[in-house]
Number of protein chains: 2
Amino acid sequence: VPGDHDPTDRAYAEALDAADPLASFRDEFVIADDDVCYLDGNSLGRLPKATEEALRRVVSEEWGTGLVRGWSRWIDRPAQVGDRLGRAVLGAGPGQVLVADSTTVNLYRLAAAALDARPDRGAIVADPADFPTDRYVLQGLAAERGRRLRRLRAVRTDAVARACAPGDVALVCLSHVDFRTAALAPLAEITAAAHAAGALVLWDLSHSAGVVPVSLDAAGVDLAAGCTYKYLFSGPGAPAWVYVRAEQQRRLRAPVWGWFAQRDQFAMGGAFRRADGVTGWLTGTPSVLGLAAVDEGIGLVERAGVEAIRAKSVALTELVIALFDAWLAPLGFELMTTRLAAGRGSHVAVRHPEAWRLCRVLAEQDAVIADFRPPDVVRLGFSPLTTRFAEAWTGAERLRRACAERRYERVESVRPRVT
Amino acid sequence: VPGDHDPTDRAYAEALDAADPLASFRDEFVIADDDVCYLDGNSLGRLPKATEEALRRVVSEEWGTGLVRGWSRWIDRPAQVGDRLGRAVLGAGPGQVLVADSTTVNLYRLAAAALDARPDRGAIVADPADFPTDRYVLQGLAAERGRRLRRLRAVRTDAVARACAPGDVALVCLSHVDFRTAALAPLAEITAAAHAAGALVLWDLSHSAGVVPVSLDAAGVDLAAGCTYKYLFSGPGAPAWVYVRAEQQRRLRAPVWGWFAQRDQFAMGGAFRRADGVTGWLTGTPSVLGLAAVDEGIGLVERAGVEAIRAKSVALTELVIALFDAWLAPLGFELMTTRLAAGRGSHVAVRHPEAWRLCRVLAEQDAVIADFRPPDVVRLGFSPLTTRFAEAWTGAERLRRACAERRYERVESVRPRVT
């Protein structure tokens, strides 16, 4: 890659692709149309080819042929796949991660457990700009259990320390990467600040797991959860995960007492006796198909390595920020994502008053799938195992053209229910 | 079918198969080995051929090709598939059923909602012989919310009326069909008795949905939940369902406030505003693959009709009870399932001190998959769309032989963790 380069020259992006050590991973995914710029892997990651085969196997062979006997293997999958996720992605030693349920249900049950563990503390520190489900879950729990939500001004260590200073905070619950701006929170520092004030910490890693290196054990995190359908390529509505730090597993009380959390489950005993370890944090029957897909998705990330994925992620966002400066800033776009590589995740958010209609033009006329977020944000997401530099370049270039040529003026401005 | 018949003659079972109007449905399922007697469809239903194709389509086409754009259709699937389940299986009008989450999580959130709606009532009526997850969920909620569990002596209307008489019952939570004995509860009568005492009612229909006609609307049921992997053929860990009666949808408060329950979800507004109708009872991102499988499973039941399925179910259990009398009773087996067809679901439970080892012999030597339930129960389950009369006959005959020949004596008695 030339040192003296012009990012607006497509040849530069192509040179980055030619030098990309992860380039061959794209061949391991289903790419139905190579001309589509898919810049929404931060909403839904692409389909790995191995997942098609794994799902066929679990459906036709394990279920179709093995029938109920499959449970002798399936029963351990939430913890097995969780251990693999912990090792490859989360910086978590074995016996602390489960793949199960949805992110929403997991946030609910972990936050509820944290509140129960701090009955004398009335406050929950949350980010008013956090992803909706995180905010709603906390609002619901706060209403139900008579706690106050304390809104954080910014996801920064000093702000968390200040918010926790009164000594009344039970739980700090935040996202590692902001779904809108891509701001990357200082996870270890904030965790330490919350702990110093006696609060428990719950992190949502939906927008970082698989694309940003994470060290939950080393950072002393109590609880974490996240989805698997973004940078872990596990498919729409695939099971989510929970991390419950080993030392918190018995201290905290899991609110949903389900049969998969029962010690000696198939004795079907009368009283609930929670299983030791992370198993005690299971709930009901896990999705066997979903687990097969999650396992394959993690496998790809494991093979590539999160450090290498992160390096490409940084390079992709750097390229697009350079193109923002050259192309988009002059057209009135505003950059919402930090220029500091260490402070951002794997997407770049730009604002424009016509964001919604521009996304429509991109999708309908330009084969660019980007993501609109209200009120005026376009998210350009980069999934390093599948996004090419030239693809990111093309996406930015088409966004420039759609805006410069004012093609959005010919698109209806009414938004559908799903965006 | 001859009127004057000998049930111990295999020709009789074969005549029943020849006259079975549902016989052809078996061809619509994957039957890897026609010689296996699969008498455990009440744990995990067989794989429909259409489901293999539906899953291939949703994975390779909808996810692989459509990518994130699939959400414009997927978003409505929990309610659409729920409506179909309501119409075909549950006797529920539209807008009251969702396919989402697990049975355990659904029992938790429905029971929690019921308790919140009766804050001045301290008791929960439950069945101490109910399926483990039902009992554990209620134990957990009772402990968390300072309520008492009142154990029902029998799942009978008079017993429920007596248990509710003190006027302090918030919730009656029971299973429609007992997972062990197959006893079928008088759902409408018990619901009326509970209502007369001011309690809310939550039914678990895991062992009846798809095999016993149900009329949730007509019976006045408040809340119900159940799995889809038994008589609805949706696969291991497929999403479960909830029924929330229309008039209770706004009265009750859903405990888990997730983004799929938010009015105008993709506006991503600051405060949780619960969507009208049953949508307000969604939680997080639903399993798109799971929903595809559930839809196919329901489709088969819809086409066959629950009344026809029930008729065959009764005939299957009658045959096996006749074989019990002829073969098993003399060997010391005890019948746990009622002889009254109207009082049982679709399996027959027999007790024998060697139940565990007999199940092992059947599975390992006789290609009969039946289900052991501690301490001494063999469940013989019949799934009318896939179980042949001759298959049921063979299962009973092999059980007789395994016992009569005392082959269980050569099998280890140590039970593995999963049974």
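Below, each value reflects all heavy atoms present in this structure, side chains not excepted, and no hydrogens, waters or symmetry copies. Chain letters run A, B, ... following the sequence lines, proteins first, then strands; residues in each count from 1.
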Check this for me: does any side-chain nitrogen of one of [X] and [Y] sit under 4.0 Å from a carboxylate oxygen of the other?
| X | Y | answer |
| --- | --- | --- |
| A:Glu61 | A:Arg57 | no |
| B:Asp40 | A:Arg69 | no |
| A:Arg56 | A:Glu53 | yes |
| A:Arg273 | A:Asp264 | no |

Specify which of A:Ser102, A:Gly270, A:Ala363 makes the most heavy-atom pairs with chain B at under 4.5 Å. A:Gly270
Count the heavy-atom pairs under 4.5 Å between each of A:Val58, A:Thr283, A:Thr65 and chain B, then report the option with the highest count. A:Thr283
Which bit of [X] is near chain B, if near means a heavy-atom gap under 4.5 Å: side chain, backbone, both or neither?
| X | result |
| --- | --- |
| A:Arg109 | neither |
| A:Phe179 | side chain |
| A:Ile369 | side chain |

Heavy-atom pairs under 4.5 Å with chain A are the metric here; pick the option from [options] that has the most.
| options | value |
| --- | --- |
| B:Phe272, B:Trp259, B:Tyr229 | B:Trp259 |
| B:Gly70, B:Gly269, B:Ala261 | B:Gly269 |
| B:Ala143, B:Ala32, B:Pro286, B:Ala254 | B:Pro286 |

Under 4.5 Å heavy-atom distance to chain A, tell me which part of B:Phe260 shows up: side chain, backbone, both or neither. neither
Here the gap from A:Leu55 atom CG to A:Glu296 atom CD, rounded to the nearest 0.5 Å, amounts to 8.0 Å
